[in-house]
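Quick notes on the structure that follows.
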Amino acid sequence: MLALGLVAVSFAQASLSAARVWSIGPLTKGESVTGVTLGSGGASISGSHLDSQTESIFAATRSVVFAGDRIVIALRNSAQMPKQDFRLLSLDAKTGEIRDSREFVDFGIPAIFATNDAHVIVSGTSVLRLTPELKDDGSFDYHATGQRHGRVQNVSPDGSTLGNATSPGFELINAQTLKATALTANASVDTSVSNKGFVTDNVHWISDYPKDLSFITYTDATGAHLLYHGKCGSRPQFLSDDLVLEPGCKSPLIVGTQGNLIRTLSLKGESSFAGVSQNGKRFALQVASFSGMHSIKQERFIVYSAETWEPVAEVTPDEVAEEQSWTAFSPDGSMLVVGSPLKLTLYRLR
């Protein structure tokens with residue numbers, strides 16, 4: 001178990017390079033919306049602007065994926081709730097050209113995930129498995145095993161396993177066969193999953209550590225294990241089956257599933273998770289600067305090696321996001337797609 005009391009390790013950055021392959025956009029009609037920003041002085045209403053669909057840090061890593069020779073994105077058809085219709089686009093990964101499109105009606109708020117066999121999982125009111133061409137290739141019934149509830153919101157870094165919070169209880173779902181295996185009967189809210197279990201930032205350890213504010217709990221077949229407790233933290237994320245990123249600290253932490261500190265990263269600015277490659281060799285963090293009303297002034301994405309923990313590339317989107325631009329790695333970590341429906345750009349990482 002790791003308690004906060006750490007010295008950050010900083011790295012002398014080598015030349016950070018990423019070559020632009022293509023850019024495409026806009027991919028939607030660009031519906032106008034009015035922004036609301038919460039600050040110390042209360043709510044502030046911004047002027048009308050085009051909806052970039054980047055208002056959610058959570059959705060930023062669940063709106064675009066690589067699938068074989070395609071890049072698939074999920075577009076909201078309307079910014080007006082409670083309407084929850086959306087469209088999938090399948091782009092040629094080499095050129096960015098739209099190859100296939102598919103509409104979904106009353107499907108809920110979607111999340112899409114890449115599998116380890118070049119398919120796409122679409123999660124909403126149900127769970128679908130699609131080919132890169134957006135054809136049906138299986139589905140998962142939340143109620144098939146007698147569960148009353150289900151929610152798939154995470155995939156393992158290698159794309160092999162989905163997590164299903166059954167409220168109460170938790171299942172791991174094979175992303176190829178869509179067969180579920182029960183992991184625990186306890187009430188669980190996952191922030192990330194691996195092949196073996198899930199992590200959560202639930203604060204139920206607070207009675208044991210009343211001076212701490214944040215916790216990482218790892219649950220596998222042997223039970224729940226406290227990996228970290230400290231003053232900072234937010235939505236821990238698996239980088240592999242054995243490594244967990246805590247992005248919510250000023251110096252993000254890399255923690256092992258045995259509760260050991262692997263590394264701390266030294267950054268300037270607030271950071272959040274922006275994806276990991278399926279081979280586990282690279283991951284990205286969004287680093288942003290904010291105005292006094294906590295609206296983004298600038299964002300950049302730093303790509304790290306998970307072998308040396310050093311930065312290997314840096315990308316700055318052409319369009320500033322509302323909260324966080326969409327990002328996804330190719331399975332081998334050699335490519336990174338960044339942006340929004342207004343402008344999506346593919347980079348080759350050197």
Side-chain angles (χ1 to χ4, degrees), residues 18 20-31 33 35 49-67 70-79 86-93 96-98 101-102 104 109-114 120-124 130 132 134 153-155 157 159 192 235 237 247 270-278 282-288 295-296 298-303 313-331 333 335-349:
R20 187 186 299 255
V21 178
W22 49 253
S23 292
I24 186 174
L27 296 169
T28 64
K29 296 179 181 179
E31 183 177 0
V33 295
H49 61 276
L50 292 179
D51 181 20
S52 67
Q53 302 190 28
T54 58
E55 72 281 359
S56 168
I57 292 175
F58 181 80
T61 54
R62 294 165 176 81
S63 297
V64 57
V65 297
F66 281 80
R70 302 291 184 93
I71 292 175
V72 176
I73 63 175
L75 303 169
R76 185 173 59 222
N77 283 342
S78 174
F86 71 99
R87 177 165 45 111
L88 293 183
L89 296 181
S90 179
L91 313 179
D92 188 315
E97 295 181 16
I98 299 174
S101 176
R102 182 169 173 179
F104 291 80
I109 300 174
I112 61 175
F113 308 101
V120 180
I121 298 295
V122 186
S123 174
L130 308 180
L134 308 182
Q153 293 189 326
N154 292 294
V155 68
S192 186
R235 295 194 62 82
Q237 301 289 324
E270 297 184 32
S271 67
S272 59
F273 179 67
V276 60
S277 61
Q278 287 187 354
R282 287 177 170 175
F283 67 97
L285 296 178
Q286 182 220 41
V287 180
S295 59
I296 286 185
Q298 184 183 37
E299 70 169 341
R300 57 195 174 100
F301 293 92
I302 302 177
V303 178
E314 185 173 309
V315 171
T316 300
D318 294 327
E319 302 281 344
V320 177
E322 295 176 57
E323 283 291 336
Q324 184 168 321
S325 294
W326 298 354
T327 48
F329 280 99
S330 62
M335 311 284 279
L336 179 70
V337 62
V338 179
S340 74
L342 299 183
K343 190 172 186 179
L344 197 67
T345 301
L346 179 67
Y347 294 91
R348 186 180 304 280
L349 305 176

Which pair of heavy atoms, one from [X] and one from [Y], lies closest together, and at what distance?
X	Y	value
F113	A111	CZ-CB, 3.8 Å
F86	R76	CB-CA, 4.2 Å
T54	S340	CG2-CB, 3.5 Å
I296	E323	CD1-O, 2.8 Å
I112	A74	CD1-N, 3.9 Å
P317	F301	CG-CE1, 3.6 Å

Distance, nearest 0.5 Å, that separates [atom1] of [X] from [atom2] of [Y]:
X	Y	atom1	atom2	value
L89	L27	CG	CG	6.0 Å
T327	F283	OG1	CZ	13.0 Å
I71	I98	CD1	CD1	12.5 Å
L285	R300	CG	CZ	10.5 Å
I73	L75	CD1	CG	4.0 Å

I would like to know whether L91 and W22 meet side chain to side chain contact (heavy atoms under 4.5 Å, CB included); could you show each step before the answer? CA-CA 12 Å; L91 313 179; W22 49 253; 4.3 Å; yes

Listed by chain and number, what are the side-chain hydrogen bond (donor to acceptor under 3.5 Å, both in side chains) partners of [X], not counting sequence neighbours?
X	answer
R70	S90, D100
S330	D332
Q237	none

Taking salt bridge (Lys or Arg N to Asp or Glu O under 4.0 Å) as the definition, give me every residue that meets it alongside [X], ordered by chain and number, with sequence neighbours left out.
X	value
D318	R20, K343
R235	none
R348	none

Does the pair E299 and S325 meet the rule for a side chain to side chain donor-acceptor pair (under 3.5 Å), with working shown? CA-CA 8 Å; E299 70 169 341; S325 294; 2.3 Å; yes

Does R62 use its side chain to pair, donor to acceptor, with the backbone of Q153 at less than 3.5 Å? yes

Between the main-chain N or O of P341 and the side-chain N or O of T28, is there a donor-acceptor pair closer than 3.5 Å? no

Test item: Q53 and L342 side chains (from C-beta on) under 4.5 Å apart, heavy atoms: no

Does any part of the side chain of Y347, heavy atoms only, come nearer than 4.5 Å to the side chain of V303, both counted from C-beta? no

Given side chain to side chain contact (heavy atoms under 4.5 Å, CB included), test V155 with I121 step by step and report yes or no. CA-CA 9 Å; V155 68; I121 298 295; over 6 Å; no

Given W326, which partner from the list V65, V337, T61, V64 fulfils the side chain to side chain contact (heavy atoms under 4.5 Å, CB included) test? V64

Pick one: which of L336, L349, V276 meets side chain to side chain contact (heavy atoms under 4.5 Å, CB included) with R282? L349

Do Q324 and S272 have side-chain atoms, one donor and one acceptor, less than 3.5 Å apart? yes

